[in-house]
Amino acid sequence: ETAVFQTPNYHVTQVGNEVSFNCKQTLGHDTMYWYKQDSKKLLKIMFSYNNKQLIVNETVPRRFSPQSSDKAHLNLRIKSVEPEDSAVYLCASSYAGNSDYTFGSGTRLLVI
Amino acid sequence: AQSVTQPDARVTVSEGASLQLRCKYSYSATPYLFWYVQYPRQGLQLLLKYYSGDPVVQGVNGFEAEFSKSNSSFHLRKASVHWSDSAVYFCAVSSSNYQLIWGSGTKLIIKP
């Protein structure tokens with residue numbers, strides 16, 4: 001099956017902990033993205049990455065960092081989570097120069 | 001500045017009735033336009049897209065959208081909605097670097 005796979009589906013953690021979310025795509029795409037979706041469903045791009053360039057949304061706090069081992073994987077690490085990090089994190093992929101995105105089903109983070 | 005406006009946060013329609021979800025964009029060049037749908041607890045899925053040519057584009061599940069350059073709009077339509085169409089619908093425009101600029105989403109509620 002070709003798709004974008006995210007793990008875990010759901011994660012609960014305490015303020016100050018470190019968390020890491022995984023994303024893998026089997027579509028052969030060369031560009032991957034992380035989005036944050038808040039409780040009002042608003043989508044905010046956090047990072048986009050291909051094998052040539054990492055583009056960081058400058059409004060993303062430094063405690064967030066992407067981690068990529070190859071073009072099929074783009075993980076998201078959050079050092080020292082804060083309550084406002086509670087959201088759904090969506091991973092997506094596409095071919096470079098193409099706006100047809102394929103999304104994963106999301107990781108729902110709850111910070112208590 | 002490039003932007004997408006979905007003026008209706010929520011639309012309620014009776015099952016079997018017709019539907020229109022509104023989308024207005026602001027973009028200096030010829031836009032690439034998209035509609036995505038997000039079903040509960042899932043990621044986003046591409047419904048349809050417009051790149052050029054016939055201003056009316058067909059999508060999956062009986063959806064269509066019409067591009068209007070004069071009105072800077074890309075409204076989504078369906079002739080007869082089904083309860084399974086209940087979801088959040090996002091309109092987006094592709095920027096010059098192929099990243100998507102998203103609207104705020106419209107939640108579609110289907111009344112039995």
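Just so it is clear, the structure is predicted and the values come from calculations on it, not from any experiment. Below, chain A is the first sequence line, B the second, and so on; all start at residue 1.
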If you count heavy-atom pairs under 4.5 Å with chain B, which of A/Lys40, A/Gln37, A/Lys44 comes out on top?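 Going by pairs under 4.5 Å, I would pick A/Gln37.
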Quick one: which of A/Gly104, A/Ser105, A/Gly106, A/Ser99 has the most heavy-atom pairs under 4.5 Å with chain B, could you say? A/Ser99
To the closest 0.5 Å, what do you measure between CG (B/Leu100) and OH (A/Tyr101)? 4.0 Å
Single-linkage hydrophobic cluster, 4.5 Å side-chain cutoff, [X] and [Y] together:
{"X": "A/Tyr33", "Y": "B/Tyr36", "answer": "yes"}
{"X": "B/Val88", "Y": "A/Phe103", "answer": "yes"}
{"X": "B/Val81", "Y": "B/Leu48", "answer": "yes"}
{"X": "B/Tyr32", "Y": "B/Tyr50", "answer": "no"}
{"X": "A/Val88", "Y": "A/Val4", "answer": "no"}

Taking side chain as everything from C-beta outward and backbone as N, CA, C, O, which of these in A/Asp100 sits under 4.5 Å from a heavy atom of chain B? Side chain, backbone, both or neither.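 Backbone plus side chain of A/Asp100, per the 4.5 Å heavy-atom cut-off to chain B.
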For A/Gln6, which atoms come within 4.5 Å of any heavy atom of chain B: side chain, backbone, both, or neither?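 Interface part for A/Gln6: neither.
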Considering all heavy atoms of both residues, which atom of B/Tyr51 and which atom of A/Asn98 are nearest to each other, and what is their separation? OH-OD1, 4.0 Å
Correct closest heavy-atom pair for A/Leu90 and B/Gly43 would be CD2-CA, 4.1 Å
If I measure from the heavy atoms of chain A, does B/Phe90 come under 4.5 Å with its side chain, its backbone, both, or neither? side chain
Please flag which part of B/Phe34 lies under 4.5 Å from any non-hydrogen atom of chain A: side chain, backbone, both or neither.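 Just its side chain gets close to chain A.
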For [X], does the [atom1] atom have more than 12 heavy-atom neighbours from other residues, nucleotides or ligands under 6.0 Å away?
{"X": "A/Lys24", "atom1": "NZ", "result": "no"}
{"X": "A/Glu84", "atom1": "CD", "result": "yes"}
{"X": "A/Arg63", "atom1": "CZ", "result": "yes"}

Any side-chain heavy-atom pair of [X] and [Y] under 4.5 Å:
{"X": "B/Lys107", "Y": "A/Lys41", "answer": "no"}
{"X": "B/Leu46", "Y": "A/Thr102", "answer": "no"}
{"X": "A/Ile55", "Y": "B/Gln99", "answer": "yes"}

